[in-house]
2 protein chains.
Amino acid sequence: MGDVYQALADPTRRKILDELTERDGQTLFEICARLATRHQITSSRQAISQHLDVLAAAGLVVARRQGRYKFHHLDTRPLQSIAERWLRPEPRQENPHEDQPDQRPGG
Amino acid sequence: MGDVYQALADPTRRKILDELTERDGQTLFEICARLATRHQITSSRQAISQHLDVLAAAGLVVARRQGRYKFHHLDTRPLQSIAERWLRPEPRQENPHEDQPDQRPGG
DNA sequence: ACTATAGGCAAGTGGCGGCTTGCCTGTCGA
DNA sequence: TCGACAGGCAAGCCGCCACTTGCCTATAGT
């Protein structure tokens, strides 16, 4: 299982997710064409294919083979846990700055 | 302004965010010590400092100088827009797979 | 059977990111 | 004032990642 955060790090991969959000279940060539015409991304087909591999490894894209076509579907479930990792509103501990923060005041 | 996604790509930087979530307003040395003892991260002080620079450039960390100390505070606002980018529950368009997806069926 | 299409595998390359190292600035305490 | 401490600047190294290139497999159409 790949790293979801690393998969999101590349701007081209995010554009792919945007594209699949607008129109789910696209083929590789379809994604290439739409990235080129709508986002000025002129990467080769292989580059996009490798990006899709990374997204699939991260669980963000699920591929479905059908004949000679391979349709790519978005799966947003890995994204749900991301923001919650730091956005959980538990009142977190504060650091007593004004004391003497000698590296670790309280051990 | 740096890239929030790229800032989250590095696992050490995510650990720093975890650390600041638990205890906000830590100094550089304090973060180094806690990363070493609690997360087995033995990177040098400079490495952590550069990580904090990246996080600050992405707006995820705000530094506050006070005397010879520099306290780092978490700012989760840049995170809120991340998940919503693809998690907005608008019913997105489906691709008519079973037709003839000749790259782009509808031009 | 032949061709065009959709996609895959693998090797090679260039640039960027993470890390270290060395040295410097600035602040507080005794 | 002097030394310990917190942090900063800059150069250099190295591995990874994105991308290309070349060739291959497989399905669909005629």
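Any value given below was found using the heavy atoms of this structure, including those in side chains, with hydrogens, waters and symmetry copies removed.
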Go through the steps for B:E19 and B:R13 under the test salt bridge (charged side-chain N to carboxylate O under 4.0 Å, His left out), then give the verdict. CA-CA 10 Å; B:E19 199 50 56; B:R13 283 197 286 269; over 6 Å; no
Got a list of protein N/O to nucleotides 25-30 of chain D N/O distances below 3.5 Å?
{"residue": "D:dA28", "atom": "O4'", "partner": "A:R68", "partner atom": "NE", "Å": "3.3"}

Polar atom pairs between nucleotides 17-21 of chain C and protein, under 3.5 Å, N or O only, would you list them?
{"residue": "C:dG18", "atom": "OP1", "partner": "B:R13", "partner atom": "NH1", "Å": "3.3"}
{"residue": "C:dG18", "atom": "OP1", "partner": "B:R13", "partner atom": "NH2", "Å": "2.5"}
{"residue": "C:dG18", "atom": "OP2", "partner": "B:R13", "partner atom": "NH1", "Å": "3.4"}
{"residue": "C:dC19", "atom": "OP2", "partner": "B:H51", "partner atom": "NE2", "Å": "2.2"}
{"residue": "C:dT20", "atom": "OP2", "partner": "B:S44", "partner atom": "N", "Å": "2.8"}
{"residue": "C:dT20", "atom": "OP2", "partner": "B:S44", "partner atom": "OG", "Å": "2.8"}
{"residue": "C:dT20", "atom": "O4", "partner": "B:Q50", "partner atom": "NE2", "Å": "3.0"}

salt_bridge(B:R14, A:D3) N-O dist < 4.0 Å: yes
Here the distance between atom P of D:dT20 and atom CG of A:D53, to the nearest Å, is 15 Å
Whole-Å gap separating P (D:dC17) and CG (A:L8): 15 Å
Short question: side chain of B:T21, backbone of B:L17 - any donor-acceptor pair under 3.5 Å? yes
B:K70 side chain N/O closer than 4.0 Å to the phosphate oxygens (OP1, OP2) of C:dG26? no
Whole angstrom value for the distance that separates P of D:dA6 from CZ of B:F29: 6 Å
Taking CG from A:L28 and C1' from C:dG8, how many angstroms apart are they, rounded to a whole number? 10 Å
Do the non-hydrogen side-chain atoms of A:Q80 and B:L87 ever get within less than 4.5 Å of each other? yes
Would you indicate whether the side-chain heavy atoms of A:R85 and A:Y5 approach each other to under 4.5 Å? yes
Length of the line joining A:F71:CZ and C:dA6:C1', which is rounded to integer Å: 10 Å
Measure the distance from NZ on A:K15 to P on D:dA18 and round it to the nearest whole Å. 17 Å
Could you pull out all residues at least two apart from A:A58 that satisfy side chain to side chain contact (heavy atoms under 4.5 Å, CB included)? A:V4, A:A7, A:L60
Tell me the interatomic distance from B:I31, atom CD1, to D:dA6, atom P, rounded to whole angstroms. 13 Å
Without swapping roles, check the side chain of B:T27 against the backbone of B:E30 for a donor-acceptor pair under 3.5 Å. yes
Checking the side chain of A:T37 only, and the main-chain atoms of A:A33 only, is there a donor and an acceptor separated by less than 3.5 Å? yes
B:S49 vs D:dG7: side-chain N/O to OP1/OP2 distance below 4.0 Å: no
Between atom CG in A:L52 and atom C1' in C:dC9, what is the gap in whole Å? 16 Å
Donor-acceptor pair, distance only, cut-off 3.5 Å: does the side chain of B:D24 make one with the backbone of B:L74? yes
